Every structure is written in structure tokens, then in C-alpha cells.
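A quick write-up on the structure given underneath.
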Amino acid sequence: MEILGQKLTRDFYLRPTLTVAPDLLGKTIVYNHPQRQLAADIVEVEAYVGEDDPACHAASGKTERNRVMYGRGGYSYLYFIYGMYHCFNIVTERDGFPAAVLIRGVEPFIGKDIMSRLLPPGKSPNWLISDGPGKFCRAFGLTRKQNGLDLTGSELFLIDRGNEKPHVGVSPRVGIKKATKREWRFFDINSRYVSGNRTV
DNA sequence: TGTTGGATCAACT
DNA sequence: GTTGATCCAACAC
């Protein structure tokens, strides 16, 4: 199935991270796996910008883990955390400057039934499957295998399908103890799929 | 070689 | 509000 929309090009990702992050709200992530197609609209993100940002993985320099963050914008940065979860980031800005946007919440658009099968059994049908960075990666089946993918390619990419501009809320980033004064979390205030709106 | 704690989530009290 | 699950990168030694 072909989804109607304009694929985001390299230029989109090369802009300043604090411009790209809120601009990602309402855009659609498409994951074309050989056996399945998944798509979801972004409703919550966080920006991590450069070695001067104490909360950014690049705060203490380049390592094997954060290597793709140092590359050109428009690539995926996936890492494993807390022994159980993965987090998906979109690398931004020019080659050599480490920055990325963490995807924290999405509204399922295509393949919700497939996503549900990747989740633990016994949840009620209206259980939110993608409100939170770990839950999003689990619903999409994203792991470190997808680290470093070119998001202008055909496997994993983003499109603008003309969604209405969301009403954007701003807050400090979640789950970090450093740089809590920086309000670099952006979310669609009308979406149920923003993390923290627990519905079970 | 060993230790520690994290951009999480859900199930407790 | 607190804790368990469970891995591995980063850093200390």
C-alpha cells in the first residue's frame, strides 16, 4: 500500500535541532519491513543538542554508541536502555555536530493490529501501545539493528501527509536529571498518545 | 576486570 | 512514592 504524502528530504533534517523537533509533530513515520508496513503520526519529541547539552549522549564526546549522532542529519540513532527498552532518535544538523530528536509518542496510523502483536498479551484493546519512547520502539519492532539507517531511503522514512498543524505544548525533558531548565520537549497537547497520560 | 547507572515501564505499597 | 526487570556502555581501577 502506498501512503499519500511527501517524503521528507535531507534538507529537512539539516536545519537547527530546535527547529526540526517541533516541526516533526504531525509528520508520519513509515517503516516498510519486508513482511509488514507500519506508519504512525508523531505527537511527542525531545531535542538533544550538541556536546554542550549535559543531557545529550554526546556530552562527554564521541563514542561507538553515539557515533551516528555525529554524522549528517537524516539518519536513525537507536540505543538500548534499562536492560529492556530501545529509544529511537532522528539525527539532525550537519556532519560533525552531534544532535538528535528523540521520538517519545506516536499515534498508530497503519498496522495497529501488527503493532499489538509485538506487545505483551493480556492488555485491553484500548490500551495505548505507543505513548512513550520504549513503547513506540516495541510496537514498531525497532532495535539496534535499525541504528544508522538513512531516513531518506525506502525502509524507514518520514512523510508529510498534510496533517493539521498541532497545538504545541513545551516542557522540560522527561527522565533526566541534568539541564532540567531547558524546555526541549514538544508535544501535541490534544493527543492521547503523549507519554504520561496513562490509560489502562 | 569490575562496578554503576541510565533519554523506561508497569506493578506494587 | 518506590521498586523490579535486565542489558550494556562508560568509566574506574
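Side-chain atoms are counted along with the backbone in the values below, which use heavy atoms only and exclude waters and symmetry mates. So that the names make sense, note that chain A is the first sequence line, chain B the second, and so on, each numbered from 1. All values reported here derive from a predicted model rather than from experimental measurement.
With both ends at atom C1', the span from B:dA10 to C:dC8 equals 22 Å, rounded to whole Å. With P as the reference atom, B:dT13 and C:dA5 are 14 Å apart, rounded to whole Å. C:dT6 and B:dG2 have their P atoms separated by 23 Å, with the value rounded to a whole Å.
At whole-Å resolution of the value, OH in A:Y193 and P in B:dC9 are 15 Å apart. Whole-Å rounding puts the A:L102 CG to B:dG6 P distance at 16 Å. Atom CG of A:L128 and atom P of B:dC9 are 12 Å apart (whole Å). For A:R67 and C:dC8, the CZ to C1' distance is 17 Å, given to the nearest whole Å. The CD atom of A:E46 sits 10 Å away from the P atom of B:dA7 (whole-angstrom rounding). The separation between A:Y82 atom OH and C:dT3 atom C1' is 14 Å, rounded to whole Å. Regarding A:F80, its CZ atom lies at a distance of 13 Å from the C1' atom of B:dC9, rounded to whole Å. Between the CG atom of A:N147 and the C1' atom of C:dA9 there is a distance of 13 Å, rounded to whole Å.
Judged by closest nucleotide on DNA chain C, A:I81 is the one of A:I81 and A:H57 placed further toward the 5' end.
The aromatic ring of A:Y48 sits over the base of B:dA7, with ring centres less than 5.5 Å apart and planes inclined by under 30°.
Scanning atom types as modelled, no donor and acceptor separated by under 3.5 angstrom connect the side chain of A:Y79 and the base of C:dA9.
If you check B:dA11 for Watson-Crick or wobble pairing at under 3.5 angstrom, you find it paired to C:dT2.
Of the charged side-chain nitrogens involved, none lies within less than 4.0 Å of a carboxylate oxygen, so that A:D11 and A:R15 do not count as a salt-bridged pair. Between A:K165 and A:D188 no salt bridge is recorded (no basic side-chain N to carboxylate O distance below 4.0 Å).
Considering all non-hydrogen atoms of both residues, A:E107 and A:S191 come closest at OE2-OG, 2.6 Å. Taking every heavy atom of both residues into account, A:I159 and A:L4 meet most closely at CD1-O, 4.1 Å.
Within the 4.0 Å cut-off from OP1 or OP2 of C:dC8, at least one side-chain nitrogen or oxygen of A:R144 is found. Phosphate proximity of B:dA10 to A:K135: present, with a side-chain N or O under 4.0 Å from OP1 or OP2. The phosphate of C:dA10 (OP1 or OP2) has a side-chain N or O of A:T63 nearer than 4.0 angstrom.
Side-chain proximity of A:W127 to the nucleotides B:dA7, C:dA10, B:dA10 is greatest for B:dA10. Between B:dG6, B:dA10, C:dA9, one nucleotide has an atom nearer to the side chain of A:R138 than all others, and that is B:dA10. For A:S60, taking side-chain heavy atoms from C-beta onward, the closest of the listed nucleotides B:dA7, B:dC9, C:dC11 is C:dC11.
Counting any heavy atom pair closer than 4.0 Å across all strands shown, A:G134 reaches sugar-phosphate atoms only and no base atom. Across all strands shown, A:K177 has heavy atoms under 4.0 Å from sugar-phosphate atoms exclusively, and none from any base. Residue A:R173 is classed as having no contact, given no heavy-atom separation below 4.0 Å to the nucleic acid.
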A:D113 and A:R117: CA distance, side-chain angles, deciding distance, salt bridge (charged side-chain N to carboxylate O under 4.0 Å, His left out) verdict:
CA-CA 7 Å; A:D113 52 331; A:R117 267 180 248 139; 3.7 Å; yes
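Judged by distance alone, the side chains of A:E51 and A:Y70 do bring a donor and an acceptor atom under 3.5 Å apart.
Under a cut-off of 6.0 angstrom, the local environment of NE2 in A:H33 is crowded, with over 12 non-hydrogen atoms contributed by other residues, nucleotides or ligands.
Rounding to the nearest 0.5 Å places CZ of A:F88 at 7.5 Å from SG of A:C137.
Residues of residues 84-94 of chain A having a heavy atom closer than 4.0 Å to DNA chain B, listed by number: A:Y85, A:N89.
A:V170 and A:I42 fall within a single hydrophobic cluster, where Ile, Leu, Val, Met, Phe, Trp and Tyr are joined by side-chain heavy atoms under 4.5 Å apart, directly or via other members.
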